[in-house]
Asks: 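Handing you this structure, nothing more for now.
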Amino acid sequence: MTYRPEFRWLKLALAFQLSLGTMACTYVNAVSQTNLPQQRRKVVRAQTQRYIFLGFNFDNDYPYRLIDRLKSQCPDGRVRGLLTKDTTTLYFLFFFWSREQLAEGYCVVDAKNDLAAVTVASTASSLTPEAQNGSELDDRATITNSVEILEP
Amino acid sequence: MTKWAALTGTLWLLSGCVTVHSISVSQIPVKAERTKLIKASASRPILFFIPFGTNYVEEARQELAAQCPHGEIEGLVSKGESVGYFIGVAIARINLQGYCVANRSKNAKET
Amino acid sequence: MLQHSNGFFRHLILILITGSTVACAVLHKVQLAEVDGDNLSKGEKISIRVSETTVNVREAAEIAKLTQIKEAGAFAKVAGYYSMLFTFGPSTGTPVFNEFYARNIPEALKQRCQKGQLSNIISVRETREYPVIKGEIVRVDAVCVDNIKRKK
């Protein structure tokens, strides 16, 4: 196969076409989902993003802002059923891309929350017979006492 | 001819290769509450390295939530994987599996 | 003159490669657990960070080739076979020699939060890239909420 000068331009055209074709393509890197609550009325969402040029990125502290943003949207409750999606969007092949993290959950505002730990013995009588016999009881099974969380 | 046969054979062997990219497990409920197992999955094709959206993840979650509308879904295993069929053709998939724990609030009494 | 300029460009590329990857941070995966609101997550912030230093054999081989050392070619070939045969498959970052380096994280979290409950847990898998040497890092940050008082 003899070398032809137009092959060089063909290769360049192919590379350009590939870069155009994959521009703004988003790839999912990781997905995680926590336990979904019964109350699913209020949806809260937070996103962080970092644009990266030629791989120059000197810290990975930006995903931590997700927690602050979620906390501010649900100050008196707990964000449960969190779906965390970690994605990469290519803007120009491997020269310029962005990393995004999206977290979406349900804000559950409840007087009884998991931090209100209770003793199992005092609540055993309120359980159904099936739950009483031979099952491992965790602290969330029943709640009989209200608790106060002290501020440090 | 032999080279092409070998290449075609290799590509056929690699067809349907599944790769797990991410996995996570959430808190598993007690044994008595692990009665109803529910599953959901969603996928999108990736043709010649071009994906067609990432909303399939939310779709899978909604499908799972719809199977347990009045209970809590716990013990969730989330698996993000990709299946390669042929050179340039793949499918990105998310599998969600968990236990639907219903009637937990009936067991809890607040005084 | 062409031969001299070839050597010059090779060394220039070597310097650019080593300089460009100095301490770059690469984010691989982020996962969040349930998030408590501002008013419920007052506690001590704890952070656990474990790392494992490793060597990118292929990168070492490529840099060695640029230096035109006589044995570098053979080393590059062996490194290429090693990375192809023993390090294939999906992975995050560079393969490490001790894969159990992150196994003690739950225990470390338990030690730091013995009298409370962990909340707002975020885990980050990242890499600190230096020329040839890579630091594979797992970071887990959480808030230890304690001082729960029962009010009867």
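So you know, we letter chains A, B, ... as the sequences are listed, proteins then strands, and number each from 1.
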Asks: Between A/Leu83, A/Thr26, A/Thr34, which has the largest tally of heavy atom pairs under 4.5 Å with chain B?
Replies: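 That would be A/Leu83.
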
Asks: So, for A/Arg80 and B/Glu74, which heavy atoms are closest and what is the spacing to 0.1 Å?
Replies: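 Minimum heavy-atom contact is NH2-OE2, 4.3 Å.
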
Asks: Where is the tightest heavy-atom contact between B/Leu64 and A/Leu36, given as atom of each residue plus distance?
Replies: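 Answer, listing the atom of B/Leu64 first, then A/Leu36: CD2-CD1, 4.3 Å.
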
Asks: Where does B/Phe52 contact chain A at under 4.5 Å (heavy atoms): side chain, backbone, both or neither?
Replies: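 B/Phe52 has no heavy atom closer than 4.5 Å to chain A.
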
Asks: Name the region of B/Ala92, side chain, backbone, both or neither, that has any atom closer than 4.5 Å to a heavy atom of chain A.
Replies: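 Neither; nothing under 4.5 Å.
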
Asks: For A/Val31, is there any backbone N or O sitting under 3.5 Å from a side-chain donor or acceptor partner on B/Ser22?
Replies: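 Yes; at least one donor-acceptor contact below 3.5 Å.
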
Asks: Would a distance-only check, ignoring hydrogens and angles, find a side-chain to backbone donor-acceptor pair under 3.5 Å from A/Asn35 to B/Gln27?
Replies: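 Side chain of A/Asn35 to backbone of B/Gln27, a donor-acceptor pair under 3.5 Å: yes, one is there.
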
Asks: Below 4.5 Å, heavy atoms only, C-beta onward: do B/Glu58 and A/Leu102 meet side chain to side chain?
Replies: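 Yes; the side chains approach each other to less than 4.5 Å.
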
Asks: May I ask you to decide if B/His70's main-chain N or O and A/Gln38's side chain share a donor-acceptor pair within less than 3.5 Å?
Replies: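 Flag set: sc A/Gln38 to bb B/His70 pair under 3.5 Å.
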
Asks: Give, for atom CG of B/Leu96 and atom CD of A/Gln33, the distance between the pair rounded to the nearest 0.5 Å.
Replies: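 It comes to 6.5 Å.
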
Asks: Going by salt bridge (charged side-chain N to carboxylate O under 4.0 Å, His left out), name the pairs with one or both residues in residues 26-47 of chain A, residues two or more places apart or in two chains.
Replies: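 Found A/Arg45-A/Glu104.
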
Asks: Between chain A and each of B/Pro51, B/Gly80, B/Ser78, count heavy-atom pairs under 4.5 Å; write down the option with the most.
Replies: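 If we count pairs closer than 4.5 Å to chain A, B/Pro51 comes out on top.
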
Asks: What part of B/Ile94 gets closer than 4.5 Å to chain A, counting heavy atoms only: side chain, backbone, both or neither?
Replies: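 Just the side chain, heavy atoms under 4.5 Å.
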
Asks: Quick one: do B/His21 and A/Val28 satisfy side-chain contact (heavy atoms from CB on, under 4.5 Å)? Show the steps, please.
Replies: CA-CA 9 Å; B/His21 292 289; A/Val28 177; over 6 Å; no

Asks: Heavy-atom distance under 4.5 Å to chain B: side chain of A/Asn29, backbone, both or neither?
Replies: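 Answer is backbone: N, CA, C or O of A/Asn29 sit under 4.5 Å from chain B.
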
